Amino acid sequence: MLDLALANLLSPIVLSFALGLFAALVRSDLTVPEAAAKALSIYLLFAIGFKGGVSVSDHGIDGLLALSLLTGVILSALLPLIAFALIRVMSGLSTLDAAAVAGHYGSISIVTFVAATSVLQGAGITSEGFMVAVAAAMEAPAILSALWLVSRGEKSGRMDADLWREILFNGSIVLLLGSFAIGWITGDEGLDKISAFIVAPFQGVLCLFLLDMGLIAGRGLRSGAGLSAGLFGFGVLMPVIGSMIGLGAGVLIGLSTGGVLLLMVLSASASYIAVPAAMRVALPEANPSIYLTLSLGVTFPFNLTLGIPLYLWAAQLVTGG
Amino acid sequence: MLDLALANLLSPIVLSFALGLFAALVRSDLTVPEAAAKALSIYLLFAIGFKGGVSVSDHGIDGLLALSLLTGVILSALLPLIAFALIRVMSGLSTLDAAAVAGHYGSISIVTFVAATSVLQGAGITSEGFMVAVAAAMEAPAILSALWLVSRGEKSGRMDADLWREILFNGSIVLLLGSFAIGWITGDEGLDKISAFIVAPFQGVLCLFLLDMGLIAGRGLRSGAGLSAGLFGFGVLMPVIGSMIGLGAGVLIGLSTGGVLLLMVLSASASYIAVPAAMRVALPEANPSIYLTLSLGVTFPFNLTLGIPLYLWAAQLVTGG
Amino acid sequence: MLDLALANLLSPIVLSFALGLFAALVRSDLTVPEAAAKALSIYLLFAIGFKGGVSVSDHGIDGLLALSLLTGVILSALLPLIAFALIRVMSGLSTLDAAAVAGHYGSISIVTFVAATSVLQGAGITSEGFMVAVAAAMEAPAILSALWLVSRGEKSGRMDADLWREILFNGSIVLLLGSFAIGWITGDEGLDKISAFIVAPFQGVLCLFLLDMGLIAGRGLRSGAGLSAGLFGFGVLMPVIGSMIGLGAGVLIGLSTGGVLLLMVLSASASYIAVPAAMRVALPEANPSIYLTLSLGVTFPFNLTLGIPLYLWAAQLVTGG
Amino acid sequence: MDTHKAKRVEIIIEAVMASRLTNALEKAGVRGYSMLPVLGGTGRSGTWSRAGQVGRGEGMVQVVCLIRPERLDGLLDAAFSVVEKHIGVVSITDCEVLRAERF
Amino acid sequence: MDTHKAKRVEIIIEAVMASRLTNALEKAGVRGYSMLPVLGGTGRSGTWSRAGQVGRGEGMVQVVCLIRPERLDGLLDAAFSVVEKHIGVVSITDCEVLRAERF
Amino acid sequence: MDTHKAKRVEIIIEAVMASRLTNALEKAGVRGYSMLPVLGGTGRSGTWSRAGQVGRGEGMVQVVCLIRPERLDGLLDAAFSVVEKHIGVVSITDCEVLRAERF
Ligand SMILES: Nc1ncnc2c1ncn2[C@@H]1O[C@H](COP(=O)(O)O)[C@@H](O)[C@H]1O
Ligand SMILES: Nc1ncnc2c1ncn2[C@@H]1O[C@H](COP(=O)(O)O)[C@@H](O)[C@H]1O
Ligand SMILES: Nc1ncnc2c1ncn2[C@@H]1O[C@H](COP(=O)(O)O)[C@@H](O)[C@H]1O
Ligand code: NA
Ligand code: NA
Ligand code: NA
């Protein structure tokens with residue numbers, strides 16, 4: 001476990017994140033241009049989706065895929081309720097702010113997922129290719145839960161047709177599922193054609209993306225209104241709780257060790273792309289600096305550095321894998 | 001023929017285009033940043049030009065190069081006249097709009113050319129490396145024909161020195177011919193140094209570029225004033241006619257099967273970069289939504305999906321290759 | 001020597017620069033988007049830093065590293081004094097403008113450094129991996145010398161805390177040293193993970209970056225107020241002088257032939273990123289078109305084309321390597 | 001040169017709300033507008049910057065709209081209905097325009 | 001703070017025409033201007049966006065020009081000669097500037 | 001719609017000086033501003049463009065600041081202290097704003 005944690009901490013990926021964090025904290029003028037950051041994220045989503053699809057085309061599908069998707073949707077919808085209760089206990093946030101934060105923790109962070117797949121790959125552990133579809137399935141339900149938490153006391157709903165469409169056809173969902181489908185359809189033959197692009201340089205691209213994430217997280221930590229100890233604690237405790245729930249669910253439905261880890265990571269991670277945008281539309285009164293700082297400045301680094309090795313250790317312990 | 005078409009339809013490239021189209025049609029917020037799209041296009045032009053140059057340096061040149069360039073220039077200049085007549089027959093467009101559209105069909109779409117080279121490569125068919133120079137040579141003459149079609153009735157010309165310079169030193173022409181020259185000069189030795197950049201990941205980069213093309217085409221189709229049936233028919237018929245003329249010309253001058261295909265594709269494809277910009281300068285009264293929708297929303301997808309396999313089938317039939 | 005120069009002139013890298021220059025001079029609309037140019041530069045800095053760090057982790061460190069860093073700092077601080085005297089002799093620039101120019105020549109151009117490492121690699125000559133840290137160490141001291149040259153006659157200093165921080169934590173310094181550290185820490189194992197990203201495609205990425213540099217340099221030469229013959233002469237003479245001083249220093253401290261070349265190139269090259277920005281803040285009255293045209297339009301192309309082969313020839317002659 | 005009185009309305013609004021704003025403007029009969037990027041800013045809700053951002057949760061754009069004076073009220077009502085609960089600022093300036101038939 | 005009356009001219013024009021416009025301005029004696037990006041917009045000729053675009057056929061920029069009131073007419077004549085046949089809008093606003101010697 | 005008189009201050013300043021300007025503004029009590037990109041321009045010190053640029057030595061941004069009229073002088077003093085020795089231009093326009101409580 002310690003070995004694993006250390007190896008993870010000293011990987012180029014995590015160190016690149018640390019470099020970005022450092023640069024932001026000393027207020028270096030280092031920045032990744034917005035267009036480049038978006039291009040990196042498109043690359044990562046396309047690559048991870050495609051590879052997942054190819055892996056499904058290799059191994060075929062069975063009931064487990066549908067079951068996993070269903071589990072993902074349920075986790076995404078339920079985790080916000082637990083998060084909401086926990087925030088209310090640990091901090092003095094208003095219902096509105098607490099619900100907004102809770103929504104982030106039901107949804108997922110795809111780059112945390114990607115980092116976890118890298119760790120699995122490094123450790124030579126396989127996982128179900130369709131987990132990337134589960135990731136996509138877990139993006140949105142949490143948003144609905146968060147809005148439900150807020151609108152319980154309200155007369156008028158906060159959803160309209162536009163928002164539904166925006167949530168369901170969110171760019172990262174479309175790209176992830178779309179490239180998953182392309183990978184599935186084209187299979188190994190398709191992968192052969194583009195693996196020099198989506199497989200070989202993947203880890204290196206991920207480093208640059210994490211450099212950027214470090215820059216953003218550091219900027220948030222620096223300028224963000226300091227979090228209370230309670231909120232900070234929530235940002236570390238909630239992923240651990242989430243991962244344990246993911247562990248239970250993953251074992252229950254019979255995922256492999258790798259699959260269990262990925263479900264744990266999805267449950268443990270907090271969104272920083274889809275959910276913040278949806279919250280700005282639907283809950284504009286909620287304070288964005290709270291959920292952004294928590295998600296990107298606390299939970300993401302925690303998962304990236306300590307969380308993933310911890311979850312892997314637990315997954316191996318429980319599944320015996 | 002059917003096999004070929006199906007294999008083409010199910011290639012990662014075409015599916016990526018379809019994904020972009022789908023995302024745009026459901027109004028997903030998925031976008032490739034403008035800077036990233038331009039960077040992808042610079043990459044593709046540089047790579048395709050360079051590889052063409054290296055291939056010429058490998059095989060040496062003969063009279064065929066000059067003949068092909070000449071043929072390209074003539075095709076580019078004449079195709080607009082045919083296109084113009086066809087549009088006037090098939091639709092009620094004004095002289096101005098018809099001429100603007102016609103100019104696009106004399107010129108070429110480099111990404112269609114690239115897609116065709118991929119298909120050739122997949123089928124193990126070689127082609128003349130200098131075809132990329134022919135592509136560059138075919139970009140501009142069509143613009144002059146379009147302006148001539150309009151200015152027949154006018155007193156004052158529509159060309160000025162600035163416009164001449166802009167057309168001849170258009171970025172894509174300069175980059176294509178420049179990298180062609182670099183490839184030619186540096187040859188295999190040069191290619192060795194950079195093939196891990198311009199060869200190995202090429203297909204993957206092309207996927208992302210086509211994703212973007214799909215997004216743009218879909219946006220155009222969605223917002224563009226609906227095309228009349230006549231115009232839509234023109235957008236499908238004209239490439240077929242163009243390709244047949246290209247076929248004749250290619251066979252006449254003695255290109256290989258691959259070269260014939262590429263000349264067909266160049267003749268069949270419609271510009272969406274150089275010509276639209278020139279038309280905005282020289283024919284500002286022409287309605288851009290017509291030529292953009294036709295070129296990018298109708299003819300490009302047609303060539304990409306059905307056209308290229310059809311042309312290849314025809315080229316093989318006629319050349320016996 | 002002539003062979004070397006010719007091989008260098010006909011490398012894809014130099015030809016890409018020439019292509020950019022040509023495109024700018026004929027006023028083509030070819031441009032690399034700003035975001036893409038910055039992304040390329042981040043890639044190059046990250047890759048070169050990382051590889052330097054890995055090489056140090058391979059060979060271990062000794063006193064030579066510290067000595068080289070010290071030498072670099074001293075060279076960076078002293079070269080501006082020589083440059084200043086030379087400019088005053090060769091041109092009629094004011095103290096202010098002369099000091100601003102001088103600062104650029106003490107500092108370094110990382111892309112010239114990268115081009116030199118490519119030449120070394122092509123010639124199969126190794127060099128000390130830590131030279132990349134020397135490059136970082138040489139970025140800033142020259143700025144202080146330039147400000148000192150100006151403020152000798154002034155009461156109030158031109159430095160404030162903000163400027164100190166900006167200079168020391170300049171993005172390129174942070175990224176270069178940061179990735180150097182990451183490479184050092186993760187060593188060959190880290191390199192294995194990301195070499196398909198930072199090693200294999202490196203030369204190709206460098207081509208596109210140099211295309212962009214050519215575009216910028218050409219634009220500067222075209223629009224910049226024409227340089228006097230004296231200034232132009234300075235832009236060619238100063239790098240030669242700088243390289244000779246670098247040669248002496250490198251031999252003195254006992255660097256390998258490759259290391260000596262790199263120190264020569266660092267001494268010979270002029271900054272076009274860190275120093276111009278610092279000068280705009282601290283010496284706003286100095287005319288930027290002079291130092292930008294000199295650095296990017298004269299000295300950079302000189303070093304890239306003739307300088308590097310010349311320096312390598314001299315380094316081999318003197319070190320017998 | 002013939003110029004005509006008009007209003008220049010500049011609305012800085014969250015990027016996620018931009019399409020809702022322009023839809024509302026179009027419904028209110030606004031015929032033309034342009035959208036400009038905003039790199040960053042500071043306000044009561046803190047400081048933000050688009051540098052390196054991937055998500056759309058943070059960030060604003062500026063919608064510029066030239067309009068005939070008599071159509072201003074409709075535009076402002078439409079704009080207000082969208083910005084009301086959201087962060088962002090709206091300014092209206094008197095200006096002259098060329099080619100008044102366009103507005 | 002000493003301020004001086006000036007005019008702020010903002011011209012939204014097709015990107016392909018931008019260099020022709022600035023050349024015309026320079027010929028008309030305009031000493032300074034800045035160019036800002038425009039992401040997208042809507043007008044009589046439809047809706048456009050630069051997102052993902054590679055070509056230069058579609059897209060506009062905003063040229064901003066601060067100028068002394070007495071030089072305005074020359075500027076507008078120059079601008080009009082370029083925008084005349086093209087899509088785009090021109091607005092002129094009264095403003096105050098610092099450091100009037102610059103204009 | 002209820003509107004209130006305000007000033008719209010637009011400062012085009014070198015990108016390297018932008019954070020110094022906004023710091024000065026914040027010290028002078030300015031509560032909100034936005035920063036817009038500038039692609040290029042021409043002035044007494046020549047012509048520049050950000051296209052393809054990597055360094056920060058060349059290039060400007062536009063800081064836009066809506067402010068109550070009575071706070072204008074403080075803002076201008078703060079701005080002037082930063083732009084004084086630097087290139088760049090400052091314009092002030094009378095405008096109306098919605099939601100005056102924000103300024
Ligand atoms: N007075 C102002 N002038 C210009 N932009 C402003 C102003 N106030 C707010 N903004 C912009 O609107 C955003 C949100 O403002 P706020 O609602 O005050 O947090 C800020 O981050 C700025 O980008
Ligand atoms: N009233 C307006 N206010 C601001 N921008 C406009 C306006 N009208 C047109 N534009 C811009 O100019 C472009 C062309 O307009 P048009 O000539 O009406 O098609 C539009 O797409 C907008 O970007
Ligand atoms: N009159 C003006 N109107 C708009 N922008 C200007 C004006 N004068 C200068 N600028 C901008 O400020 C930069 C520096 O101007 P200058 O100090 O005159 O060299 C120019 O490159 C333009 O971007
Ligand atoms: Na989660
Ligand atoms: Na054609
Ligand atoms: Na130097």
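First the proteins, then the strands, lettered A, B, ... as listed; each starts at 1. Computed from a predicted model, the values in this text were never measured in an experiment.
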(message) If we ignore hydrogens and angles and just use 3.5 Å, is the side chain of A/Thr186 paired with the main-chain N or O of A/Ile182 as donor and acceptor?
(response) yes

(message) At under 4.5 Å between heavy atoms, what parts of residues 12-29 of chain B are in contact with chain A? List them by residue number.
(response) B/Pro12, B/Leu15, B/Ser16, B/Leu19, B/Phe22, B/Ala23, B/Val26, B/Arg27, B/Ser28, B/Asp29

(request) Would you check if B/Ile308 and B/Leu4 make a side-chain contact, meaning some heavy-atom pair closer than 4.5 Å? (result) no

(request) Indicate yes or no: does A/Lys38 engage A/Glu34 in a salt bridge with an N to O separation below 4.0 Å. (result) yes

(message) Can you tell me which portion of A/Ile185 sits under 4.5 Å from chain B's heavy atoms? Options are side chain, backbone, both or neither.
(response) side chain

(request) Report the option among A/Ala200, A/Ala35, A/Gly171 that has the most heavy-atom pairs separated by less than 4.5 Å from atoms of chain B. (result) A/Gly171

(request) Would you please test A/Phe209 and A/Tyr43 for ring-ring contact (aromatic ring centres under 6.0 Å, His included) and show each step? (result) CA-CA 10 Å; A/Phe209 191 71; A/Tyr43 169 86; over 10 Å; no

(message) Rounded to the nearest 0.5 Å, what separates atom OG in B/Ser269 from atom CE in B/Met264?
(response) 12.0 Å

(message) Which atoms of B/Leu208 are under 4.5 Å from chain A, going by heavy atoms: the side chain, the backbone, both sets, or neither?
(response) side chain

(request) Measure from the side-chain N and O atoms of A/Ser107 to the backbone N and O of A/Glu139, and report whether any donor-acceptor pair falls under 3.5 Å. (result) yes

(request) For A/Ser271 and A/Val275, indicate whether the former's side chain and the latter's backbone hold a donor-acceptor pair under 3.5 Å. (result) yes

(request) Considering only heavy atoms and a distance below 4.5 Å, find which of A/Ile198, A/Leu175, A/Leu191 pairs most often with chain B. (result) A/Leu175

(request) Give a yes or no on whether the backbone of B/Leu292 and the side-chain of B/Ser295 come within a donor-acceptor separation of less than 3.5 Å. (result) no

